[in-house]
Amino acid sequence: MRTESHKAMTDMAASRRPLVAVCVALRSSECTSVFLQNRFFSTTTGFHSPLGDEQPGKFTPPTKPVIVDKTQAEVTQRKFLSPEFIPPRQRTVAVKFSIERKDMIQRRKMLNIPEFYPGCILAVTTSDPNANGKLNRFVGICIERSGKGLGATFTLRNVIEGQGVEICFELYNPRLQRIEVLKLEKRLDDNLTYLRDALPEYSTFDVNMKAVPSPATGEVPVNLLKVIMKPKPWSKRWERPKFKIQGIRFDLCLTEEQKQEAMKWDQSWQEFDLMKEYDTSKIEEEIWQEVKQEMGK
Amino acid sequence: MKMLVKASGLLLTQPFTNIVKHSFRISAACTAIQKLTRVRVVDNSALGSTPYHRPPKCIHVYTKNGVGKVGDKILLAIKGQKKKALIVGQKMPGHTMTPRFDSNNVVLIEDNGNPTGTRIKTPIPSNLRRLEGEYSKVLAIAQTFI
């Protein structure tokens, strides 16, 4: 018994495990028996690793701890590639985009950036550089997502104490600690900047609202809400066809004459302009495969 | 000796000068708060709360250029009086991660930096905390930081 345990000790001493130092200290047979009793080993003699070895004395490392990330509780099973991964049509070397994508994926492994669209209600927690260690939480509706690559941004809007506030957050800014989607839904438009000129009730969201659970599969629900506007003048002429807005109740705020006037700026030929075509389907597929692979690692 | 003076209406007697003047006015560059901007007073001071037939207007900006951003001191004309104020929110977008408000908000201030009112209900941008030294009392009366 002595020799076997001694052999085990020396083997392990050779491999320099910190645990061994403790065992070496308690080398008396008394101590090992006490140790064995406390640990309820099924094996008879000597010090054995808790999982059992293939050969006596060979060290097997413990299993890696399984980290359950509660922020990624419900991973979406929808195929969703975040729009900032798709490179713009530019005269740049393709390496620039692939390097940026690497950095973006690295950041996404640290922070879970969920799937969201303009029209979703998000809660973003950021660290405040001016107040050390304190976190700021902002809840609002995402009115637009712009920018490509690491400079991608999304703007959240909310009305707090009667004051409309908008914050443009950078998706890959290290100050962002947590992004939660409180309500996942789409709207009739991609750009909801017209909410600035809409009645404040359409931009007011409870700061303490609870997350609305949404299904991980299937189509994202579309909110067909049409918004009632404040009286003109607006910050932009939203009735003009270049904005292509579907989500405003124009019948309540514009006369037929004004609608006719707006149609004067209709440039419907641009839809057929071949030079403006940018088909991203193939690029999207490639990038989606790449991102899925990298994120899985 | 051809002189091209379009809209100036002056007759110059200098030899060959090519003066081209625009026939339209060029406005100032888009700035946050400058002279004659109408502002909204957000504290509960008497001067800011009582109605008057004219809105409070900025008449001077205490910066090197005449542009006032969040955290700058300005001079307001309120109810026929001159009063200093601190800008706490602007309509013009600033840096990313800083809030943009739907109105130009301002807090009335004394000459020594003490606020005139006792409470600020409207949210204040948290990057104003860098003004801990000078405007700490203004930050103390603010209720929400965004």
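First the proteins, then the strands, lettered A, B, ... as listed; each starts at 1.
Proximity to chain B (any heavy atom under 4.5 Å) is restricted, for A:Arg157, to the side chain, taken from C-beta onward. The contact between B:Pro123 and chain A is made entirely by side chain atoms (from C-beta outward), counting heavy-atom distances below 4.5 Å. Interface residue B:Ser126: backbone and side-chain heavy atoms are both found under 4.5 Å from chain A. The contact between A:Phe169 and chain B is made by backbone and side chain atoms together, counting heavy-atom distances below 4.5 Å.
With a 6.0 Å radius and a threshold of 12 heavy atoms from other residues, nucleotides or ligands, B:Lys84 has its NZ atom above the threshold. For A:Lys102, the NZ atom counts as loosely surrounded, since its 6.0 Å shell holds 12 or fewer non-hydrogen atoms of other residues, nucleotides or ligands. At most 12 non-hydrogen atoms from other residues, nucleotides or ligands lie less than 6.0 angstrom from NZ of A:Lys236. In B:Lys79, the NZ atom is crowded: over 12 heavy atoms of neighbouring residues, nucleotides or ligands sit closer than 6.0 Å. Surrounding NZ of B:Lys83 are more than 12 heavy atoms belonging to other residues, nucleotides or ligands, all under 6.0 Å away. In A:Lys232, the NZ atom is crowded: over 12 heavy atoms of neighbouring residues, nucleotides or ligands sit closer than 6.0 Å. Heavy-atom neighbours of B:Arg54 CZ from other residues, nucleotides or ligands within 6.0 Å: at or below the threshold of 12. No more than 12 heavy atoms of other residues, nucleotides or ligands lie within 6.0 Å of CG in A:Asp190, so this atom counts as exposed by the packing criterion.
Note: A:Gln163 leads A:Glu170, A:Arg175, A:Gln163 in heavy-atom pairs under 4.5 Å with chain B.
At least one side-chain heavy atom of A:Ile160 sits less than 4.5 Å from a side-chain heavy atom of B:Ile146. In this structure, the side chains of A:Asn130 and B:Arg130 come closer than 4.5 Å at one or more pairs of heavy atoms.
Between the NZ atom of B:Lys121 and the CD atom of A:Glu161 there is a distance of 5.0 Å, given to the nearest 0.5 Å. In this structure, OG in A:Ser203 is found 8.0 Å from CG in B:Asp102, a value given to the nearest 0.5 Å.
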Review point. Side chain to side chain contact (heavy atoms under 4.5 Å, CB included) between B:Arg129 and A:Asp128: does it pass, once the steps are laid out?
Key: CA-CA 10 Å; B:Arg129 277 195 234 254; A:Asp128 197 348; 3.8 Å; yes
Exercise for review: Check the pair B:Met97 / A:Asn173 against side chain to side chain contact (heavy atoms under 4.5 Å, CB included), numbers first and verdict last.
Suggested key: CA-CA 9 Å; B:Met97 313 288 279; A:Asn173 192 317; 3.6 Å; yes
Exercise for review: Could you give me the CA-CA distance, side-chain angles and deciding distance for B:Lys91 and A:Arg196, then say whether side chain to side chain contact (heavy atoms under 4.5 Å, CB included) is met?
Suggested key: CA-CA 11 Å; B:Lys91 215 170 161 184; A:Arg196 290 175 194 156; over 6 Å; no
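Taking all atoms of both residues into account, the shortest heavy-atom contact from A:Asn136 to B:Phe145 is OD1-O, 4.3 Å.
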